[in-house]
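Below is one structure, written out as structure tokens, with a few remarks after it.
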Amino acid sequence: MTQTLPIQKHVPDIINALETSRCAVIQAPPGAGKTTRVPLALLDEPWLANKKIILLEPRRLAAMSCAAHMAGLLKEQVGQTIGYQIRLDRKIGPDTRIEVITEGIFTRKIQNDPSLEDVGLVIFDEFHERHIHSDLGLALCLETFEALRDDMRILVMSATMDVTAVSTLMGNAPVIVSKGKSFPVETIYIPPSGRQSRPVSVETACASVIRRALSETDGDMLVFLPGVKEIKTLYSILEKDLDPAIHVFPLYGNLARKDQARAFRPSNQSERKIVIATSIAETSITIEGVSVVIDAGLMRVPRFSPQTGMSRLETLRVSKASADQRRGRSGRTGPGKCYRLWSEYDHQSLKSYTKPEILSIDLTGVALELAAWGVSDPGQLKWLDLPDEKSFEQAKNLLKILGALDEQERITLHGKKMSSAGLHPRLAHMIIKASEKNHGLLACRIAAFLNERDFILFDQKTFDPDIRLRLEIIDAFTSKKKTWQKGFKINKGVIHRIIESEKKTARDFGIKPTKTDIEKAGTLLAHAYPDRIAKKRDNRNNTFLMASGKGAYFTGINNVSLNDYIVAVHLDGNLQNAKIFLAVPYSKQDLETDFCDRLKSVHTILWDKKTNGVRAKKEIRFETLVIHHQSISDIDPDMACDILIREIQRRGLAILPWTKRLTSLKDRAVFLKNTGRFQDLPDLSDKTLEKNMAIWLKPFLTGVFSLKQLERIDLEAAFLSLLTWKEQQIIEKNAPTHIKVPSGSKKPLKYSNENILLDSPVLEVRLQEMFGQTVTPKIAGLSVPVTLHLLSPAGRPVQITRDLENFWKNTYKDVKKDLKGRYPKHFWPDDPLNAKPTNRVKPKER
DNA sequence: CTCTCCCT
């Protein structure tokens with residue numbers, strides 16, 4: 001009666017492996033019969049000692065149908081020897097020996113009873129899918145296996161995966177490999193035809209391969225695309241130019257059950273069917289009668305970012321394992337054909353396996369489960385892949401904020417309540433907080449909604465991110481009024497699941513039915529997503545700053561975007577500026593009461609560009625959000641000085657009220673220092689003065705708060721504080737302000753020119769005043785000759801020299817000739833060295 | 001033109 005399946009000839013090996021090694025791995029492709037035949041074959045083994053077998057399935061549907069199938073093989077009802085348990089549904093009786101449960105249920109079960117006292121064998125089915133609960137469940141189970149139960153056994157069953165890694169993890173468990181039962185599939189590689197400069201879109205490439213496949217084959221067709229957008233585009237291309245006898249069905253998770261069912265329905269003899277699907281058709285949904293698969297080779301997967309605490313979707317090339325799984329879908333009922341939209345060469349560069357969830361998703365739930373297990377460092381357990389370190393740190397940090405972990409990263413009482421809920425820790429925390437304020441039921445409803453997919457099916461451009469809109473509709477359903485705003489297409493199945501789930505959660509938390517005040521959604525969700533509380537940015541519509549410091553925006557105006565404060569619940573995960581999909585209004589008043597213990601008062605002193613002065617303000621902040629700010633008149637003078645000094649440094653020393661005398665003293669001091677003969681003088685260069693302002697200037701800035709008030713400071717006293725009286729004398733002597741020339745007049749020495757310090761000061765003097773001066777005057781202890789600018793009687797420079805002796809000897813003759821022509825009345829002696837110097841036209845006769 | 005799939 002029962003059909004013989006490939007796995008059955010391996011049963012003795014499996015029994016032997018489990019008996020002697022207590023662990024085993026079965027590698028078998030789909031169709032081998034491992035899921036249904038193996039548990040039944042082991043039921044009477046003496047080492048099982050009449051204890052239970054737990055069979056873990058990754059999906060609810062798989063758990064239910066597998067239990068039904070096995071019960072059928074025993075000619076029994078489900079709930080007798082074979083039972084199952086999934087969320088919200090349990091059929092397990094007193095005689096049940098095989099419990100088929102989903103992986104999430106197993107996590108709860110082992111947390112409640114770590115020794116699994118009545119269990120003799122745990123089987124992980126479809127382990128190659130590497131869901132987070134598979135990895136977590138195995139890690140916990142291995143500890144029970146090693147530390148508490150030397151009579152328990154573990155069996156891991158999987159299709160293609162690196163089975164040696166699992167075997168090694170379980171102490172070199174024996175690996176049993178079985179063939180599957182499937183038909184041969186021909187693989188055809190068709191790389192996209194477009195040129196590199198102008199690549200063809202996936203949808204166009206798919207459409208042309210579909211046309212080719214329609215002529216080469218005659219079965220039903222399954223096309224794999226990465227997402228809904230691509231499916232809709234391809235659908236509209238095919239609608240236009242395909243024979244009406246060929247029916248095209250989209251298939252993806254968010255499609256109503258009714259529409260999904262149309263895709264499964266077998267087609268008539270005279271018709272052909274094309275199903276365009278996401279990866280949902282890779283494992284979760286089997287479409288009977290498919291003999292042709294067309295694979296675009298892409299998948300869309302979430303990727304958690306510890307920096308933002310959010311996930312974003314990425315479109316990636318599939319792994320080889322995934323491509324083979326898709327191809328296998330065409331060989332279930334007969335020989336098949338698979339068209340791959342990449343080249344055989346490119347195939348080599350595909351990853352062997354899809355990245356396991358534990359390396360790419362939000363780990364908050366995992367971190368809480370581990371804390372409940374008593375583990376704060378995942379390294380204490382055995383893993384195929386250790387959880388991503390940064391994500392795990394982020395997760396623990398969030399759990400501390402939610403009050404689930406204490407500073408030593410141990411689970412708190414609050415955390416224990418959260419972990420038993422079977423919800424994301426954010427949502428569990430929200431429900432506990434809400435129930436304290438009598439809004440528990442609304443919180444359960446919101447949690448149930450966020451756990452499901454969105455049930456409003458929006459048309460183009462009608463999208464509305466307001467969570468209150470969904471709550472209104474759920475409200476209408478529960479009160480049977482059904483008076484929500486019409487005009488939305490609604491997935492009623494999802495709403496009914498939400499209501500079921502809400503009831504269960506309310507029971508779990510002991511919440512009694514209360515009225516649900518939709519306007520409280522903001523304050524409830526703020527507890528779940530404190531990092532996503534957001535404040536509208538100044539003068540910018542639809543653009544917000546979140547408490548985490550990241551940006552968020554709405555694509556259009558809506559009832560939420562009009563508020564100054566919101567909670568952005570669901571975003572696209574963009575690192576800088578995320579698009580908001582779901583949000584709810586919030587308010588400053590609620591923020592102040594909900595988080596009164598986390599608000600920080602910050603006093604800041606800053607430079608006000610408008611008044612060019614120091615200003616003090618007080619801010620009330622929630623993380624990066626400034627809730628209140630006000631100017632305060634009481635400014636700390638010391639801090640004000642520091643701000644003022646920073647501003648002076650930014651603008652440069654020239655902003656200070658320098659007098660000519662001070663500037664000259666500064667220039668002369670620096671000049672002397674630069675000659676190298678006066679090393680003991682302090683360094684008074686602008687650069688050093690600027691740097692040391694806190695030392696020499698700060699004591700004189702008391703009571704000064706603006707640039708304007710700088711005028712009244714005693715800069716002279718400040719500057720002179722840098723020089724001793726003796727040093728001042730040295731400067732006066734060696735770098736004099738004036739120098740006496742032969743004519744008897746005192747001429748100024750210029751030490752700098754347009755703020756550039758000279759290495760020799762300039763002495764401007766009429767040529768005739770220098771008669772009788774043999775050599776260039778020298779300063780700085782006679783080490784530096786001044787730079788002479790010799791002027792005509794009209795004050796025009798005629799010669800620049802630092803060697804006066806040479807000028808008289810060689811150049812003077814030519815100069816004299818020239819000047820005598822233009823200034824004939826003046827005195828131009830032939831022997832200037834012995835002539836009388838004069839500052840008049842001619843020297844006075846005595 | 002809002003985002004893959006799954007689960008406590």
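Below, chain A is the first sequence line, B the second, and so on; all start at residue 1. Please read these numbers as outputs of a predicted model, since none were measured by experiment.
- Judged purely by distance below 3.5 Å, without hydrogens or angles, the side chains of Arg329(A) and Thr286(A) pair a donor atom with an acceptor atom.
- When heavy atoms are screened at a 4.0 angstrom cut-off, Ser284(A) is found touching the sugar-phosphate backbone but no base atom.
- When heavy atoms are screened at a 4.0 angstrom cut-off, Arg108(A) is found touching base atoms of the nucleic acid.
- Side-chain contact check for Gln111(A) and Glu369(A): at least one donor-acceptor pair (N or O, by modelled atom type) lies under 3.5 Å.
- The distance between atom CG of Leu469(A) and atom C1' of dT2(B), rounded to the nearest whole Å, is 14 Å.
- One finds a side-chain N or O of Thr102(A) lying less than 4.0 angstrom from the OP1 or OP2 phosphate oxygen of dT8(B).
- Distance Glu314(A) CD to dT2(B) P: 20 Å, rounded to the nearest Å.
- The CG-P distance, from Leu61(A) to dC5(B), rounds to 15 Å in whole Å.
- Annotation: proximity of residues 421-435 of chain A to DNA chain B (heavy atom, distance under 4.0 Å) is found for Gly422(A), Leu423(A), His424(A), numbered in ascending order.
- Checking the phosphate oxygens (OP1, OP2) of dT4(B), a side-chain nitrogen or oxygen of Arg300(A) falls inside 4.0 Å.
- Taking side-chain N and O atoms only, Thr278(A) has a distance below 4.0 Å to OP1 or OP2 of dC5(B).
- Contact annotation for Tyr252(A): backbone-only contact, meaning every heavy-atom pair under 4.0 Å involves sugar-phosphate atoms and none involves a base.
- Closest to the side chain of His133(A), from the set dT2(B), dT4(B), dT8(B), is dT8(B).
- For Arg59(A), whose side chain is taken as the heavy atoms from C-beta onward, the closest listed nucleotide among dT2(B), dT8(B), dC7(B) is dC7(B).
- For dT2(B), neither phosphate oxygen OP1 nor OP2 lies less than 4.0 angstrom from any side-chain nitrogen or oxygen of Arg453(A).
- Between Ile361(A) atom CD1 and dT4(B) atom P the separation is 18 Å, expressed in whole Å.
- Across the protein-nucleic acid pair, Ile285(A) atom CD1 and dT4(B) atom P stand 15 Å apart, rounded to whole Å.
- Residue-level contact check: Pro302(A) touches the bases, meaning some heavy atom is under 4.0 Å from a base atom.
- One can place CG of Asp89(A) at 10 Å from P of dT8(B), the figure rounded to the nearest angstrom.
- In this structure, Asn451(A) reaches the bases: a heavy-atom distance under 4.0 Å links it to at least one base atom across the strands shown.
- Remark: His429(A) NE2 to Leu398(A) CG distance equals 9.0 Å, nearest 0.5 Å.
- Under the 4.0 Å criterion applied to side-chain N and carboxylate O atoms, Lys504(A) and Asp89(A) are not assigned as salt-bridge partners.
- Nucleic acid contact class of Leu56(A) (heavy atoms, under 4.0 Å, all strands): none.
- When rounded to the nearest whole Å, the span between CG of Leu450(A) and C1' of dC7(B) equals 15 Å.
- Side-chain atoms of Glu129(A) and Ser134(A) form no donor-acceptor pair, as typed in the model, at a separation below 3.5 Å.
- Nearest-nucleotide positions on DNA chain B for Asp572(A) and Thr107(A) put Asp572(A) closer to the 5' end.
- Going from atom CG of Leu234(A) over to atom P of dC1(B) covers 20 Å, rounded to whole Å.
- Proximity of a side-chain donor or acceptor of Thr412(A) to a complementary backbone N or O of Gly403(A) within less than 3.5 Å is detected.
- The only option from Thr505(A), Leu524(A), Ile446(A) that meets the side-chain contact (heavy atoms from CB on, under 4.5 Å) definition with Ile431(A) turns out to be Thr505(A).
- Contact annotation for Leu313(A): base contact, defined as any heavy-atom pair under 4.0 Å involving a base atom.
- Residue-level contact check: Ile86(A) touches the backbone only, with heavy atoms under 4.0 Å from sugar-phosphate atoms and none from bases.
- Dense packing is recorded around NZ of Lys382(A), with more than 12 heavy atoms of other residues, nucleotides or ligands lying under 6.0 Å away.
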